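Taking it in order: structure first as structure tokens, then the write-up.
Keep in mind that what you see is a predicted model, and the values were worked out from it rather than measured.
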Amino acid sequence: MATQVLEEAVHRDAGLKREIGVTAFAATIVNGVIGGGIFAAPAALAGSVGAWAPFALLACGIAMGAIVLCCAEAGSRVPSSGGIYAYVEAAFGRGWGFVTGIVLWLSCVLAAAGVAAAFADAIVALWPTEAPAVQRVLLLVGAFGLITAVNLRGVALGARLASLSTVVKLVPLLLFIGVGAFFVEPANLRPAAGVDSGSFGRAMILALFAFSGMETVLGASGEVARPERTVPRALVLAMGIVLLLYLAIQIVAQGLLGAELAGSAEPLAEAIGIASPGLVAVIAIGAALSRGGWLFSDVIGAPRILFAFARDGLLPAPLGRLNGAHVPHVAILTHVSIALTLALIGSFGSLVLLSGLFTVPIYLGACLSAVKLRRLDVRLIGEPYRVPGLIVAAAIGIVSMIALLAGGQWIEIGGLVAAILVSGMIYLVRKDRSSRA
């Protein structure tokens, strides 16, 4: 198994340059996780469980911490393009790897479309014109066009811009926490007597979308320098920062707005208005820029999943081509085109909710793969990172994801099951054609 994985991964990553270091990769992960969602998530969480929202975030953060540890070890053992798709394939075979990869890419493209839609809607709201529908289309086309042009010039430039956008989005968030913390009303932080399990579960699903995103960036693992060291360090550093930041934002927003938080359309901008009205525009613009910056990380990682499929013969060969800058240009153009189409016809709420639910089987696969990869002693480059208590971390991640899946609505779960079945059928068809060739 280890020999087969090594041969396939070497072929998959042929021609790619390993240029991304710990700082750039961690910043890209932070940028990939902290998108426009955190500017709206506090209201959605408060709407589900009120002042219990920080506890829902903490519970989801613990579950994500366990999953991050599993990804850290699996990523150090199989640091190849495709990320979690590559881990599952190495542990359980090409069929399960392909299914995981399809679901992962669908989650990515749905999230990209939803965040892009929110980005355009925020700009239209800030600077409306006489033709908002036309303005929205131009914004979406322009944003995706710029991001695509940058990424086609090379992964190093895209990673640097992702790092820059991370700073741009963190400034207003840190400003919100730093200023707003001095005006928090302790009475607003007192939770109600209790909350039902259904509402708490729904809040955790919302929190899962806010925490998701690392799986997209891991798709660029084939371009990470010294991956056996860089991948685990960057993952742990990035997700630790995200958890602390999210908890602080939720607590400050709740402390400023209290019960009014649940009904706020722009919760952070409205909350900071209580402390400093002059900062409302800064937070609102920060939200718009954050959504745009998040798309940089998405286009760095998600198209590499299609690229990995093509290199492995599971999707049409053109998706595996590289341009003169050593980037998979056909895969990038394909991903962006589909995301743009969905953004033009869909809404933020419907797209990201489905995207969040689609991450559940992906994270399940990551936890199971980490355990099996250790048992098989798979190692692609150098000495892998061994997570202390890996079995416990995997068990926490698996149980948490199953519980979250049970909290989804039947129509959402049905869409996920359909995607899994269709991807399995695609794999069987491709496998049958390959065997006949």
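Judged by distance alone, with hydrogens and angles left aside, the side-chain atoms of Asn323 form no donor-acceptor pair with the main-chain N or O of Pro328 at under 3.5 Å. Judged by distance alone, the side chain of Gln254 and the main-chain N or O of Asn188 form a donor-acceptor pair under 3.5 Å. Checking side-chain atoms of Thr334 against main-chain N and O of Val330 turns up a donor-acceptor pair under 3.5 Å. Between the side chain of Tyr246 and the main chain of Ala210, a donor-acceptor pair closer than 3.5 Å is present. Between the side chain of Ser369 and the main chain of Ala91, no donor-acceptor pair closer than 3.5 Å is present. With hydrogens and angles disregarded, a donor-acceptor distance shorter than 3.5 Å links the side chain of Ser107 to the backbone of Ser355.
Residues Ile272 and Leu256 approach most closely at N-CD1, 4.4 Å, considering heavy atoms. Arg136 and Gly346 get closest at one heavy-atom pair: NH2-O, 3.7 Å. Gln250 and Pro42 make their closest contact through OE1-CA, 3.1 Å (heavy atoms, listed as atom of the first residue, atom of the second, distance). Ala419 and Phe358 make their closest contact through CB-CE2, 3.9 Å (heavy atoms, listed as atom of the first residue, atom of the second, distance). When all heavy atoms of Leu322 and Phe307 are compared, the closest pair comes out as CD2-CE1, 3.6 Å.
Listed by chain and residue number, Trp52 satisfy the ring-ring contact (aromatic ring centres under 6.0 Å, His included) test with Phe55 (two or more places apart in sequence, or in another chain). Glu73 pairs by the side-chain hydrogen bond (donor to acceptor under 3.5 Å, both in side chains) definition with Arg77, Arg374, not counting sequence neighbours.
Annotation: side chain of Phe176 is in contact with side chain of Val252 (closest heavy-atom distance under 4.5 Å).
There is no side-chain donor-acceptor pair under 3.5 Å between Asn151 and His329.
Few gaps surround CD on Glu412; more than 12 heavy atoms of other groups in view lie less than 6.0 Å from it.
Here the OG atom belonging to Ser276 is positioned 13.0 Å from the CZ atom belonging to Phe182, to the nearest 0.5 angstrom.
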